[in-house]
Every structure is written in C-alpha cells, then in structure tokens.
Amino acid sequence: MSQISLTFPDGNSREYDAGVTPAQVAESIAPSLAKKAISATVNGEHWDLQWPIDGDAKIAINTMQDDEPALELIRHDLAHIMARAVQEIWPDVKVTIGPIRDNGWFYDFDREEAFTPEDLGQIEAKMKEIINARDAVKTEVWSRDDAIKFYEDRGENYKVELVNRIPEGEDIRMYWHGDWQDLCRGPHLQHTGQVPADGFKLTHVAGAYFLGDSSRPMLQRIYGVAFKNRKDLKAWETMMEEAAKRDHRKLGKEMDLFHMQEEAPGQVFWHPNGWTIYTKLQDYMRRQQYRDGYVEVNTPQVVNRKLWEASGHWENYQENMFIVEVDEDHAREKTVNALKPMNCPCHVQVFNHGLKSYRDLPLRMAEFGSCNRYEPSGALHGIMRVRGFTQDDAHIFCTDDQIEAETKKFIDFLAGIYADLGFHNWTIKLSTRPEKRVGSDESWDRVEAALGDACKAAGYDYEIQEGEGAFYGPKLEFVLTDAIGRDWQCGTLQVDPNLPERLDAVYIGQDGAKHRPVMLHRAVLGSFERFIGILIEEHAGKLPFWLAPRQVVVASIVSDADGFVDEVVEALKAVGVRAEADKRNEKINYKIREHSLGKVPFILAIGAREVEERTVSVRRLGEQKTSTMSLDDIVAELKLSTTPPDLR
RNA sequence: GCUGCUGUAGCUCAGUGGUAGAGCACUCCCUUGGUAAGGGAGAGGUCGACAGUUCAAUCCUGUCCAGCAGCACCA
C-alpha cells in the first residue's frame, strides 16, 4: 500500500497509508482527539471523519471549538435528525431535501395533513431522544442503480428523482443516522450525541415547492435554528425580538405614519406624520438631482395599450399591469389603457419630442414616477413591497462611449446620498448576461466591462451575479445592510439599448446622421415607500432629526405656563422646526412617557421656573437627564439640526 | 399565485350555538402635578363579506376578501 504525507496546521507532517480516514489520523495523534473530533478540513475542503484520503494533503482535525465547521455540522445533522424524527412519528411521510440555511436548517416533507405547532413540539422531543441515543453516523458511496432501487423499494419517489439529478461522475453518497437513512453529500458528525441538545429549536412550518418549481405540488417545510449552546440560542431569540420591535408595520402604527386597508391592498394611506418623512426625503432628492445635472419631468399614469405594445410591456409584463378599460360614448369598442408600471416608455416619449442632438447627451431625465404594478398577493409586505409606489427614477440617454463615465458619476451620486441618510454599509452586485438575451456577445462584453470599470473607478468592489442581468443588458444593484444585518436592494442601474430601439429614439450625431442612444435606467432609493420602510427599521423609528415627522413637543407642567408654551412653539416654527404644544391637563410624567413612546426627539418641558427665566427644560429622546437652555439657544440649536445634511 | 395560520371597539387581545368583554386610547368631571401611566364617570362593536346548516350563528360548513409566515415572483 502506498504512503501519503499529511501536513498539520502546525506545519509538521506525517506519513500514512493511502486511504486513511481523518478518524484514524485523529486516533494516531491522541485518543482524546479522536473522541472530540467532529470533522476534518482537507486541502480546504470540509471532510467527513469517515472519508478516505488518497493523496498528500493539508489536514486539520476540527472539534466543537471550530465555529464554522461545528455550526455547519450541528445544523446539517439536525436536519437529518429532524427528518428521522418525523418519519419515526409518521412513517408514511416522504422526505425530500434538508439543507442548512442562515442560522439553522429546513427540511421539506410530503405529507397529506398539515404539520401543526403541536406537532413541532412532538418532533422536538423525539429529536432530543435521538440525540441522547448517541447513534453512530455511517456513510457509504453507492452506485446510481443501487440507490435508485433502494429508494424505489421504499417508495421515496422524491429521492429517486434527486438521485437521477446527481451529475455523472459525482459520488452518490448514502448516510445513516442509526438505522435511519438519507441521501446526502455530507459531511456529518460521528454520532448524534455530538449535537448539543439544548441549542436548537423548531421555529415554523410553511409551504415550499419541490426544487423551487411552482408548477409542482407544494411540500411542507419545517424550519429550525441551531447553535452550539443554549446561550447562543437565547441571544438569537433576543435578536429576533429586537427585529420585531423595529418592524416598520408596527412602528408605522405606533408613530401614526400610515395605514393600509383592504379596499386598496398594497397601497399606502400616508398620514401627516409619514407624509412629512416622504416630502422631506423627496425635497432632498430633488435638490441632489438638480445639482447632479438632472432635469425633472412628469408623465401620465394612464396610458393607452398602444404604447405598451410598442415598448414590449404588453407582451412581457401584462399580468403585472393594472388594465383600465374606458367605455367612451359612441365608441365601437372600449379604449384599453394600463396604469404605468414603469416610467421608461413615457420618458422616451419626452426624449422623442423634438429632435435631439449629440450635444444634448448625456440627457439625465428624472421623475418621481408613480407606478402601479399588480404584484402577486403573496408578495405584498407592508410598505416594502406594494402595488402603488413612487420611484426616484431617472433615465440617462447617452452614447455607448458615455456609459462608463455616467455609471461612475451615478455611483458617486448614490454614495453621497446613502452617506447623508446614514447608511455606510452597502455593496454592489453586477448582474451579467442571462441565457435568454438580445444583442451580440461583443456588445455584452463591452457593456459589462464598462460597468465593472466604473465601479473600480469610483473605488468600489463588486460581486458578480452570473446570468442575473435583464435580457437586454447587464445591471448594477446596490444593496444596503441595515442595523440588524438584513440586506435590502435599493439602488440600481441597468443598461438598456433595447427600449430606444423599440420606441425609435434617435439623436443627430456630429456626422449629421441619426444614431440610437442607449438608456441607463437608474434609481437611488428605489421607491420612496420601500426606502422609508428601511429607514424606519434601520433607525428603529428614531429617524435623524431633519427627517423626524414630529421633532419637538413643548409640554406645560402647570397651566400657568401655557402662554409661554405657545411662544416657544411659535419661535420654533418660525425657523422651520416642526413643533407642537402639549397643554393638556396631564402630569408631566404622563406627557414624557407618551411622547417618548411616540419617538419625538425633543421634549421641552415648561413650568413656573422656566416661564420666569424664559428658559426650557430639554429632554432628548433616549436620555434620562435633562438640561436647561435659554429660548434663544434651543431655537438656534434646533434650527441647525432641522437643516438637511446637504444644506448645512 | 401556492401551502398553512389569522380576522371581535381606534390599538392590543379575551370569549360564547341563545346577537359580547378587558386594558390602553377617546369624551366629561376632579386634580396644577417637575421629567416614562393621578383619580372618577361616560361613550364606543352589523364579532372581515356573502351564502348554507340550525328554532337560533360572532361561534359550525362553504365561497370570497384582507393580513401574517414561507415558497414562487420581483425586465
């Protein structure tokens, strides 16, 4: 038998027989290590203790101290343990797949009846039994025919299909947790007892399609989360509670920002407080766009189908459009219109009106465009995913040669805005050519390179999303990470040579001939609705002062102070601060509590002493201590604070 | 759109086959109180909509609408 050389993390190496397993290697180092071992890392690959090593390699034996492999194994083994528990309780349930995911795992089952929350408790209890039984994990590589026969005999038709989908040349690996068997890539732990019994929890059950295919029947997916110990699990639970407190739907109600109701699903009724945020944000964006060389336009909501046919939306996007039929008097047939789902075709109409010269390019045409899309009911989510929304949309009409410079200019523009709005964690994704596409490979090469180069020129790295571009061109996506680590796609830039072609947009070049411009679809916030939702959650409702809908409440402590309260409110309003009086017959404690819960950044309390001295007692949101300031000083401070960041 | 769950007062929620209740909010009265809930009284609901079963439906059944979780979707 040939010898191989294994190199350990400390740089030492040892000779072993070829085909040695990490379990044997660990045993050769120390029996205690062999016991503690959970897996190995062989040449950077996560390796099961039972898998043979055939050639020279770098090897590290992993234990529960190694977070990444430990969590991966715990979660993956729990997926199997859960599936085993389910099949032990309900033997007729068919298993499908169960990968790890986020902080845990899920497993999809085919079962007639729905799993109930009580079932989850029963499954959890059974899982703990399995863990305590410390059943050994075994693995073998099987032939395709044997695996298929095995699953056919058991009636596990989903597994048969999965085996068939494994590419030629790849191992078909079978795993056993005790007597329970599953098809799995691995790696896995040594035995079920290595899973911490108190670090996991089944969270919920929901429907999911087999292999994500919506044309197939729906399975039931049970989700779980798992950590190395009870403490980490508790920490996760606490974080989830924090996230729930920030939910924009909850805060929107508490802060009286907006509401939605069933007569207008997916559309927002903005209340005065919410609309204040919206208009302040819009004012800010309008100033930014003006400075960056955009012109602003406004275009119709209800547009005849002829334009949508010309643009291609009628063919490709119709099921997402609100169709409006108008029965005009004496008309032979109804006029068919659609609410615009996007602004681009209308912007081309503006571009086409009057002959454009190369001197007009790049032409940056912006609109706070109200769009309506008939989104699938299941996609709606608060004000984040709606059917009626306003984009901070713009289309840059330019030449091929200008794409890169315009893209860089846009990235700089967007970066400045995100910084002003308090977002410093964001990344860029570049989506490249999809399988179904128009245009030559040379042109895709050129445009993809232009976008990538523009990112680098602006000083940003980007991640490539292979094949995720639109059929007509590649795109950049700008993804924000919020305060609790969630990602949100907001900004976007898409290169589109297709629509100018379809709608026959032209400009007169230097040579006197007609040429086709390219369009860059771009947005910074995405939609006001969504972005405001993100702002609310990012700041947990405590928006930056200049965006806070209610900025100051001036509260009387005794009714004798009412006159001065009004005077303070007027002085603040005179400098543009959103101030209101609270002269109600309530104690100051009551008022403080109510306005603090309402996330008002400043409460100015006024009693007899303040009236006497013409001062205010200042309480800032989130602080217990108060300070006394003169009327002039507080007015000056708040006047500065309410100034948007770009005007300071 | 699909699977499952939910829909009772402005909000958060309890409850029953014989047409409903709490706390907070609201209105009024008492209280003028110094930094996160002072006290009392009052008003407020076609129990999501429409059918069906029943002597009787908010409760049981069906359909629809909306919301929630996830999946699918998101040029």
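Computed from heavy atoms alone, side chains included, the values below leave out hydrogens, waters and symmetry copies. Each chain gets a letter, A, B and so on, in the order its sequence line appears, and its residues count up from 1.
Contacts of A:V558 with the nucleic acid, taken as non-hydrogen atoms under 4.0 Å apart, include base atoms. Residue contacts for A:A608: at a heavy-atom cut-off of 4.0 Å it reaches a base atom on one of the strands shown. Using a 4.0 Å heavy-atom criterion, one finds that A:L219 contacts no nucleic acid atom at all. Within the nucleic acid shown, A:Q489 has no heavy atom closer than 4.0 Å to any nucleic acid atom. Using a 4.0 Å heavy-atom criterion, one finds that A:G607 contacts the bases of the nucleic acid, with or without backbone contacts as well. Residue A:K253 is in sugar-phosphate contact alone, with no base atom involved, counting any heavy-atom pair closer than 4.0 Å across all strands shown. Using a 4.0 Å heavy-atom distance criterion, A:E263 is classed as making no nucleic acid contact. When heavy atoms are screened at a 4.0 angstrom cut-off, A:G382 is found touching the sugar-phosphate backbone but no base atom. Within 4.0 Å (heavy atoms only), A:A114 reaches sugar-phosphate atoms of the nucleic acid but no base atom.
B:A20 and B:A57 have their C1' atoms separated by 14 Å, given to the nearest Å. Spacing of P atoms, B:C68 relative to B:A51, comes out at 28 Å, to the nearest Å. For the P atom pair drawn from B:G62 and B:C74, the interatomic distance equals 34 Å after rounding to whole Å. Only the C1' atoms considered, B:A22 is 16 Å distant from B:C47, to the nearest whole Å. Taking the C1' atom of each, B:A43 and B:U61 are spaced 37 Å apart, rounded to whole Å. If you take atom C1' in B:G45 and the same atom in B:C30, they sit 30 Å apart, rounded to whole Å. Taking atom P in both B:U58 and B:C71, the straight-line distance is 38 Å, to the nearest Å. When the C1' atom is used for both B:G7 and B:G48, the distance is 6 Å, rounded to whole Å.
The side chain of A:P265 lies closest to B:A66 when the candidates are B:A66, B:A36, B:A75.
With a cut-off of 3.5 Å on both Watson-Crick or G-U wobble distances, the partner of B:A75 is given as none. Figure legend. B:C5 is base-paired to B:G67; pairs are counted as Watson-Crick or G-U wobble with both atom distances under 3.5 Å. Nucleotide B:U16 forms no Watson-Crick or G-U wobble pair with any nucleotide shown, as no partner meets the under 3.5 Å limit on both distances. Pair assignment for B:A25 gives none, since no Watson-Crick or G-U wobble pairing has each distance under 3.5 Å. In this structure, B:G45 makes no Watson-Crick or G-U wobble pair, since no nucleotide meets both defining distances under 3.5 angstrom. If you check B:U58 for Watson-Crick or wobble pairing at under 3.5 angstrom, you find it has no partner at all.
Environment of CD in A:E612: sparse, with no more than 12 heavy atoms of neighbouring residues, nucleotides or ligands closer than 6.0 Å.
Remark: A:K436 is not in phosphate contact with B:A75, judged by side-chain N or O atoms under 4.0 Å from OP1 or OP2. Within the structure, every side-chain polar atom (N or O) of A:H381 is placed at least 4.0 Å from both OP1 and OP2 of B:G70. Neither OP1 nor OP2 of B:C24 sits under 4.0 Å from any side-chain N or O of A:Y590. Between B:G4 and A:R221, no contact under 4.0 Å exists linking OP1 or OP2 to a side-chain N or O. One finds a side-chain N or O of A:N589 lying less than 4.0 angstrom from the OP1 or OP2 phosphate oxygen of B:A36. For B:G1, neither phosphate oxygen OP1 nor OP2 lies less than 4.0 angstrom from any side-chain nitrogen or oxygen of A:S214. Close to B:G67, at under 4.0 Å from its OP1 or OP2, lies no side-chain N or O of A:R249.
A salt bridge links A:R216 with A:E161: at least one charged nitrogen is closer than 4.0 Å to a carboxylate oxygen. Checked for salt-bridge contact, A:D108 and A:R221 meet the test: a charged N lies under 4.0 Å from a carboxylate O. A salt bridge is defined here as a Lys NZ or Arg NE, NH1 or NH2 lying under 4.0 Å from an Asp or Glu carboxylate O, and A:R614 with A:E567 meets this definition.
A:K159 and A:T96 are not linked by any side-chain donor-acceptor pair at a separation below 3.5 angstrom, with hydrogens and angles left out of the test. A:H595 and A:D582 share a donor-acceptor pair across their side chains, judged by distance under 3.5 Å alone.
Remark on RNA chain B: of its neighbouring residues A:Y223 and A:Q220, the 5'-side contact belongs to A:Q220, judged by nearest-heavy-atom nucleotide. Both A:G378 and A:V618 sit near RNA chain B, but only A:G378 has its closest nucleotide nearer the 5' end.
The shortest non-hydrogen separation linking A:C490 to A:I534 is SG-CD1, 3.5 Å.
Residue A:V618 forms a side chain to side chain contact (heavy atoms under 4.5 Å, CB included) with just one option from A:V552, A:I634, A:L638, A:T628, and that option is A:I634.
At a cut-off of 3.5 angstrom, counting only N and O atoms as typed in the model, there is no donor on one side facing an acceptor on the other between the side-chain of A:R373 and the base of B:C73. Scanning atom types as modelled, one donor and one acceptor separated by under 3.5 angstrom connect the side chain of A:H313 and the base of B:A75.
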